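What you see is a predicted model, and the numbers here were worked out from it, not measured in a lab. By convention in this document, chain letters (A, B, ...) are assigned in the order of the sequence lines, proteins followed by strands, and residues within each chain are numbered from 1.
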Amino acid sequence: MLDPKLLRNQPEQIAAQLGRRGFELDVEQLTRLEAERKQLQVQTQQLQNERNSSAKAVGQAKTKGEDIQPLLQAVSELKLRLEAAETRLNELQDELNSIAMGIPNIPHEDVPDGTSEDDNMEIRCWGELPEFDFEPRDHVELGAALGQMDFETAAKITGSRFSLLSGPLARLHRALIQFMLDLHTGEHGYTETYVPYLVNADSLRGTGQLPKFEQDLFRLVGEHEYYLTPTAEVPVTNILRDTIIDADEMPRKYVAHTPCFRSEAGSYGKDTRGMIRQHQFEKVEMVQAVHPHESWQVLDQLVNHAEIVLQKLELPYRVVALCAGDLGFSAAKTYDLEVWLPGQQKYREISSCSNFGDFQARRIKARWRDPDTGKPELVHTLNGSGLAVGRTLVAIMENCQQKNGTFRVPEELLKYMGGVEVVEPG
RNA sequence: GGAGGGUUGGCUGAGCGGUUGAAAGCACCGGUCUUGAAAACCGGCAUGGGUUCACGCCCAUCCAGGGUUCGAAUCCCUGACCCUCCGCCA
């Protein structure tokens, strides 16, 4: 959520900034509702004041043993007026609140202009693209030839956009998770966390998936209003909901491995082949809550932490800055890491690292106590994938493939693979 | 699934329907004392909103939402969550 004061005081400037990401803010409606709210709030508070003081007067008269009947008569009509004012004020505030909850974050001034992913800006590249003296295959072909990746059976068990791995390939998938968690906890200072995979609506509102993006989520039928988590960002960031962090416990750095579930409604024709876009995938996610003045610097660190995973796996990638039109709802700025996939001859997103500023913190009331002022102040939150596990597996298969259809296991993963150096048909 | 108990400020924890935003303690901040520190003593210390140049004043908030009442932390209803015991269960 944006700062309501800012929204009130300079709606035109905000509208202009939101326009960069293609969001149209109805300034006229906002200022009209806001003016009405203000007037009504003052009126309601006056009536409340009258009610409070007359109730006190009744109390005092009663203790003195005076007759309270005349006083009671005087307030009888006040009550009705107050009720009407309160009801209308509540409606108005609900309306304003739901508008505010639907407004995305303001893009940071550094964010490049643009309307779609085509306008994203390449920041840097790392690694050499592999050269093959044969026609490289994609992970679907490779996986099928190995007999360790099976989409038909997954479709039988569940449906489309699920996958079944077996043998060394399944182990490699697990190895990647271990490797990433060990790296981020051991070398980057994150605290490993295990979190619920089902989340409630409050948590989803807190990070910004609700109210606007319900269609992207799997919702459970039953007694509780629970959703399958679409990313560890949701449960992990909400650890801090309604909390005040002591200054000496800042920053908070969490890393979690979770499955992620996405309905992918609206992406029907997209990436139908292979493991790239699944309803269920694993991700290792880094989440930080930091001092407001540090978040831009921390974003660079976060990107670096994700990059190190790719570097250690020797996978070529590039870093792009998302343009304003491609930013997620809650993000002020986002860098994507895109890994090279020889099977597609393309860079594909494998990590997304964002600074949310105080946007999520305001929604979840995540604050820290500033030792200088002694006052609670909103933190800034950030998160980044470190990395998407399924896509990393795909990238390794495709980049490390050999002419005979096998592929080499990257050096860094050997200790997790129980002696398997080359994945070959079992 | 059955039966009870609970939810109050950063934390612990009082609270009779009436001037209680809320006792007390802890923590924290400032001061006195001290070579310094501790202890002791004194003072301060919730959040959000409205209004004001400012001092301040006003409103809301004691899990959430309804209700009763001139007046609700306190009474009633519904819900969420937590705890204890029994049953079931990885």
Side-chain angles (χ1 to χ4, degrees), chain A residues 1-9 30-31 33-101 194-206 210 219-220 222-227 235 238-250 252 289 292 358-359 361-379:
Chain A
M1 206 158 69
L2 299 180
D3 183 353
K5 275 184 193 156
L6 214 61
L7 202 53
R8 243 176 263 153
N9 298 335
L30 201 64
T31 36
L33 290 174
E34 186 51 42
E36 198 183 338
R37 192 219 97 235
K38 195 165 184 171
Q39 183 265 327
L40 199 56
Q41 183 167 334
V42 169
Q43 183 195 340
T44 305
Q45 291 189 352
Q46 264 165 13
L47 291 170
Q48 284 169 330
N49 187 5
E50 284 180 48
R51 179 207 52 199
N52 291 346
S53 43
S54 54
K56 272 181 194 170
V58 172
Q60 282 167 344
K62 215 171 176 182
T63 36
K64 287 183 198 154
E66 293 168 3
D67 183 17
I68 59 169
Q69 277 312 311
L71 288 169
L72 294 189
Q73 274 169 13
V75 295
S76 62
E77 166 263 10
L78 171 70
K79 206 184 173 188
L80 292 172
R81 283 200 293 150
L82 177 59
E83 258 169 39
E86 278 179 337
T87 306
R88 179 75 191 105
L89 182 61
N90 278 338
E91 288 168 4
L92 209 55
Q93 275 169 337
D94 286 349
E95 195 178 347
L96 277 162
N97 188 47
S98 76
I99 291 171
M101 287 294 281
Y194 168 79
V195 295
Y197 303 154
L198 302 185
V199 294
N200 61 33
D202 280 342
S203 293
L204 289 159
R205 271 190 288 272
L210 290 179
R219 181 175 175 174
L220 267 60
E223 180 184 4
H224 299 284
E225 190 188 353
Y226 291 159
Y227 298 78
N238 276 280
I239 290 171
L240 299 171
R241 174 144 50 94
D242 295 317
T243 61
I244 298 175
I245 304 167
D246 286 338
D248 58 8
E249 284 179 33
M250 294 277 280
R252 300 294 281 264
D358 61 13
F359 187 88
R362 185 171 291 107
R363 289 181 165 224
I364 65 178
K365 296 188 184 69
R367 297 173 296 179
W368 71 296
R369 198 173 287 281
D370 186 339
D372 294 335
T373 61
K375 297 285 180 193
E377 196 183 322
L378 294 172
V379 298

Looking only at N and O atoms, is any donor in the side chain of Q41(A) or the base of G49(B) less than 3.5 Å from an acceptor on the other one? no
Polar side chain donor-acceptor pair, N200(A) to S203(A), under 3.5 angstrom: yes
Is N49(A) near enough to C59(B) that one of its side-chain N or O atoms lies under 4.0 angstrom from OP1 or OP2? yes
Who pairs with A80(B) - Watson-Crick or G-U, where each distance is under 3.5 Å: U7(B)
When the C1' atoms of A54(B) and A37(B) are considered, how many whole Å apart are they? 41 Å
Same-atom distance (P) from A80(B) to C29(B), integer angstrom: 42 Å
Does K56(A) have a side-chain nitrogen or oxygen under 4.0 Å from the phosphate oxygens OP1 or OP2 of C70(B)? no
Roughly how far apart, to the nearest Å, are C26(B) and G13(B) at atom C1'? 11 Å
Is any side-chain nitrogen or oxygen of N52(A) closer than 4.0 Å to OP1 or OP2 of A60(B)? yes
L82(A) CG to C58(B) C1', in whole Å, measures 14 Å
List the atom of R367(A), the atom of L378(A), and the distance in Å for their closest heavy-atom pair. CG-CD2, 3.7 Å
Take atom CG of L47(A) and atom C1' of C70(B), then tell me their distance rounded to the nearest Å. 15 Å
Take the protein atom NZ of K38(A) and the nucleotide atom C1' of C59(B), then report the distance between them rounded to whole Å. 15 Å
Could you tell me the separation between the CZ atom of R363(A) and the P atom of G48(B), rounded to a whole number of Å? 19 Å
Measuring from atom CG of D3(A) to atom CZ of R8(A), what distance do you get when rounded to the nearest 0.5 angstrom? 8.5 Å
Using the side-chain heavy atoms of Y226(A), tell me which of these nucleotides is nearest: C81(B), C70(B), U47(B). C81(B)
Can you check whether R8(A) has a side-chain N or O nearer than 4.0 Å to OP1 or OP2 of G50(B)? yes
Across all strands, who's sitting opposite G87(B) as a Watson-Crick or G-U wobble pair, both distances under 3.5 Å? none
For A54(B), the Watson-Crick or wobble counterpart (both distances under 3.5 Å): none
If we take the P atom in both A24(B) and C42(B), what is their distance in whole Å? 13 Å
From the set C70(B), G50(B), U47(B), return the single nucleotide nearest to any side-chain atom of K375(A). U47(B)
Identified pairing partner of A40(B), criterion: Watson-Crick or G-U wobble below 3.5 Å: U32(B)
Just how far is it from atom CD of E249(A) to atom CD1 of I244(A), taken to the nearest 0.5 Å? 12.5 Å
Rounded distance in Å between the P positions of A3(B) and U8(B): 26 Å
Starting at atom CD of Q45(A), determine the distance to atom P of G48(B), rounded to an integer number of angstrom. 16 Å
RNA chain B nearest-nucleotide lookup for R51(A) and G59(A): closer to the 5′ end is G59(A)
Rounded to the nearest 0.5 Å, what separates atom CD1 in I99(A) from atom CG in L30(A)? 6.0 Å
According to the Watson-Crick and G-U wobble definitions, with both distances under 3.5 Å, which nucleotide is paired to A23(B)? none
When you compare U51(B) with A14(B), how far apart are their C1' atoms, in angstrom units rounded to a whole number? 35 Å
Side chain of K62(A) only, heavy atoms from C-beta on: which candidate in U47(B), G50(B), C70(B) is closest? C70(B)
Atom P, compared across C11(B) and A64(B): separation rounded to whole Å: 15 Å
What's the closest nucleotide to the side chain of Q48(A) if the choices are A60(B), C70(B), G50(B)? A60(B)
R88(A): which of E36(A), E95(A), E83(A) passes salt bridge (charged side-chain N to carboxylate O under 4.0 Å, His left out): E36(A)
Looking for any heavy atom pair under 4.0 Å, which part of the strands does P371(A) touch: base, sugar-phosphate only, or nothing? nothing
I want to confirm an ordering. Mapping N90(A) and R367(A) to their closest nucleotides on RNA chain B, which one lands closer to the 5' end? R367(A)
For atom C1', what is the distance between C62(B) and A73(B), given to the nearest Å? 5 Å
Using the ring of each side chain (for Trp, its six-membered ring), is H224(A) parallel, tilted or perpendicular to Y226(A), with breaks at 30° and 60°? parallel
When all nucleic acid strands are considered with a 4.0 Å heavy-atom cut-off, which category describes V58(A): base, sugar-phosphate, or nothing? base
Give the rounded distance in Å between these two atoms: CE of M1(A) and C1' of G49(B). 13 Å
Length of the CG-C1' vector between D242(A) and A64(B), whole Å: 12 Å
Is Q60(A) touching bases, backbone alone, or none of the nucleic acid, heavy atoms closer than 4.0 Å? base
Of the candidate nucleotides G50(B), U47(B), G18(B), which contains the atom at the shortest distance from the side chain of A55(A)? G18(B)
To the nearest Å, give me how far apart CD (E50(A)) and C1' (C58(B)) are. 12 Å
I'd like to check F359(A) versus L2(A) (side-chain heavy atoms, cut-off strictly below 4.5 Å). Are they in contact? yes
